[in-house]
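Read the structure below first, then the notes.
Per chain, numbering begins at 1; letters A, B, ... match sequence-line order. In what follows, every heavy atom counts, from backbone to side chain, and hydrogens, waters and symmetry copies are set aside.
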Amino acid sequence: MIEINKISKWYGDFQVLTDCSTRINKGEVVVVCGPSGSGKSTLIKCVNALEPFQQGDIIVDGISVADPKTNLPKLRSRVGMVFQHFELFPHLSITENLTLAQMKVMGRSKEEASQKGLAYLDRVGLKAHAHKFPGQLSGGQQQRVAIARALSMDPIAMLFDEPTSALDPEMVNEVLDVMVELAQEGMTMMCVTHEMGFARRVANRVIFMDKGQIVEDCAKEAFFGNVEARSERAQQFLSKILQH
Amino acid sequence: MDINLGNIWHARDFILEGLQYSLSLTGFAMLIGITAGTVLAIARLSSNRMVSSAAATYVNLFRSIPLVLVIFWFYILLPLITGIQMGADKSAYITFAIFEAAYYCEIIRAGIQSIPKGQINAGLAMGFTPAQNMRYVILPQAFRNILPLLLTQTIVLFQDTSLVYVVGATDLLGAADKVAHRDNTLVDMYLGVAIIYFTISFSLSKAVKQLHGKIAIIR
Ligand SMILES: Nc1ncnc2c1ncn2[C@@H]1O[C@H](COP(=O)(O)OP(=O)(O)O)[C@@H](O)[C@H]1O
Ligand SMILES: [Mg+2]
């Protein structure tokens with residue numbers, strides 16, 4: 001479904017990504033972790049071409065992201081993305097947030113778009129808030145709306161960039177619950193997150209990044225089960241985040 | 001010296017016509033100025049160097065020349081060069097529209113640049129084209145953020161329209177000036193129009209403050 005082939009990217013002289021390769025099959029859930037600044041956000045943004053890269057290629061559902069002939073808006077509309085800071089459109093009501101792209105990008109009618117959007121809003125448990133504005137919701141609620149907004153485009157895969165790291169601790173679980181449910185329904189997911197509980201529950205694979213490189217890319221069981229076989233850097237990182 | 005503001009009341013029909021002229025010139029220049037200013041702002045932010053530097057040249061040119069000179073140019077020089085006689089009114093409308101576009105452009109550009117990268121990415125990730133993203137995500141937020149600045153600029157514009165009197169157009173000041181010289185009531189007339197300009201500008205700026213509280217985006 002998503003094939004990342006030897007991606008390298010530079011900001012000027014600074015190399016952010018070095019030869020990153022991995023693949024995410026249909027229905028797989030892959031968790032990406034690693035220290036801050038290791039290039040996780042950059043890599044996940046390369047998948048839907050929000051960040052250009054200088055070398056390598058990414059193939060999403062058979063379509064090359066780097067090919068200049070690729071219709072990027074169309075490709076992006078088929079891949080859902082959830083951001084650390086939610087990024088709901090603050091000038092639009094929740095309903096409008098859910099329906100705008102369905103209408104303008106997919107050409108759905110207003111009725112069809114609302115029906116679809118509100119069904120997903122109901123699924124994330126926020127139907128009663130349809131008429132509100134993003135600023136009137138808590139962080140956890142906003143992030144659930146953001147997930148519903150992405151889902152209402154019928155995505156073939158979902159990208160999550162630290163969806164819970166901007167949340168107050170008591171709101172983390174309400175978002176993770178939605179993500180777990182989504183994973184169990186068979187959604188293809190690439191999740192940058194440090195929620196190792198989430199990784200243990202639903203991930204198929206765990207990728208560990210450091211200094212722009214994919215250092216570990218292995219099955220969840222191996223990643224958590226056989227810690228001694230992991231690289232030193234991964235062990236250090238795990239011991240830090242699993243300390244408490 | 002006697003001050004008798006009653007003199008302005010006697011000429012009220014003529015003065016009101018002048019005021020109407022000033023207001024419609026302001027309205028026209030604001031509408032065209034904001035529309036063209038938006039196009040210019042988008043052009044200035046374009047990744048195409050030709051497009052952005054052309055827009056920058058336009059903006060910097062008009063922001064570096066006194067308005068009164070531009071008014072003269074259009075009124076006197078353009079007919080000389082092109083042979084087309086436009087008359088004071090038409091040339092005033094055109095001058096203000098193209099001049100104000102440069103000022104509105106800079107406000108709108110700042111508004112567009114104030115939209116966080118995350119919002120732009122969110123729009124693109126939904127599948128909007130860059131143009132749709134501008135239309136549905138960036139501009140609506142930018143305009144809400146800069147509305148007070150746009151209206152303040154419009155108040156300045158309203159006062160600046162008084163400069164058209166130099167080409168003999170009968171705006172509020174022009175009308176008062178004509179009456180003043182006809183009736184020899186310079187003090188009354190100039191004081192009277194000053195009060196009118198002040199009242200309108202001051203109440204508008206009060207209204208802008210009120211409005212800002214109402215339309216600000218809840219974050
Ligand atoms: N626009 C940019 N220009 C220059 N450097 C950047 C830019 N964006 C990110 N970086 C750098 O790239 C590195 C990786 O960033 P990022 O992908 O956000 O890391 P992570 O998400 O793993 O914390 C960091 O060192 C960051 O400072
Ligand atoms: Mg990041």
Side-chain angles (χ1 to χ4, degrees), chain A residues 41-42 44-45 47-52 71-93 96-108 132-137 139 142 145-146 149-155 157-162 166, chain B residues 34-35 37-38 41-42 45-52 107-151 208 210-219:
Chain A
S41 297
T42 308
I44 203 168
K45 281 189 209 142
V47 174
N48 61 355
L50 288 181
E51 289 286 352
N71 180 344
L72 288 179
K74 182 153 187 225
L75 181 101
R76 291 182 185 126
S77 74
R78 301 175 63 219
V79 178
M81 185 154 198
V82 175
F83 299 86
Q84 186 173 2
H85 297 287
F86 333 132
E87 306 298 352
L88 294 177
F89 304 130
H91 59 298
L92 300 177
S93 71
E96 289 165 331
N97 264 280
L98 292 164
T99 54
L100 184 65
Q102 289 190 67
M103 296 191 292
K104 303 299 175 190
V105 176
M106 305 180 84
R108 287 182 180 156
K132 290 190 181 166
F133 280 79
Q136 295 170 298
L137 302 186
Q142 288 190 53
V145 172
R149 177 176 72 174
L151 290 175
S152 56
M153 300 291 285
D154 296 329
M158 289 280 288
L159 309 174
F160 293 84
D161 188 3
E162 303 210 34
Chain B
I34 289 180
T35 309
T38 306
I42 292 170
L45 295 169
S46 162
S47 53
N48 183 322
R49 284 289 297 268
M50 288 271 287
V51 173
S52 67
I107 299 174
I108 296 164
R109 180 167 72 116
I112 293 173
Q113 286 177 315
S114 75
I115 304 305
K117 188 86 201 293
Q119 282 287 304
I120 297 168
N121 276 341
L124 293 176
M126 294 304 291
F128 290 128
T129 61
Q132 286 178 318
N133 214 22
M134 188 56 85
R135 160 83 178 75
Y136 297 116
V137 177
I138 302 170
L139 285 182
Q141 295 188 56
F143 273 104
R144 271 181 184 74
N145 293 345
I146 59 174
L147 194 67
L149 291 174
L150 289 176
L151 293 176
V208 170
Q210 295 242 321
L211 189 68
H212 186 47
K214 290 220 176 90
I215 56 110
I217 299 173
I218 316 163
R219 288 207 182 262

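- When every heavy atom of R149(A) is checked against every heavy atom of A122(B), the shortest pair comes out as NH2-CB, 4.0 Å.
- In this structure, H91(A) contributes its side chain and R144(B) its backbone to no donor-acceptor pair below 3.5 Å.
- When atom types are taken as modelled, the side chain of Q132(B) and the backbone of K104(A) share a donor-acceptor pair closer than 3.5 angstrom.
- For R78(A), no part lies under 4.5 angstrom from a heavy atom of chain B.
- Residue K45(A) holds its NZ atom at 11.5 Å from CG of L124(B), rounded to the nearest 0.5 Å.
- By the 4.5 Å heavy-atom criterion applied to side chains, M153(A) and M126(B) are counted as neighbours.
- Proximity to chain B (any heavy atom under 4.5 Å) is restricted, for V79(A), to the backbone atoms N, CA, C and O.
- To the nearest 0.5 Å, atoms NE2 (H85(A)) and NZ (K117(B)) are separated by 14.0 Å.
- The OG1 atom of T129(B) lies 11.5 Å from the CG atom of L72(A); values are rounded to the nearest 0.5 Å.
- When heavy atoms are compared at a cutoff of 4.5 Å, L159(A) does not approach chain B at all.
- Your options are N48(A), V82(A), L100(A), and the one with the most heavy-atom pairs under 4.5 Å with chain B is L100(A).
- Side chain of E87(A) to main chain of G123(B): no donor-acceptor pair is present (N/O by atom type, distance under 3.5 Å, no hydrogens or angles).
- Looking at F89(A), the atoms closer than 4.5 Å to chain B (heavy atoms on both sides) sit in the backbone and in the side chain alike.
- Contact annotation: the side chain of Q141(B) approaches that of P90(A) to within less than 4.5 Å [non-hydrogen atoms, C-beta and beyond].
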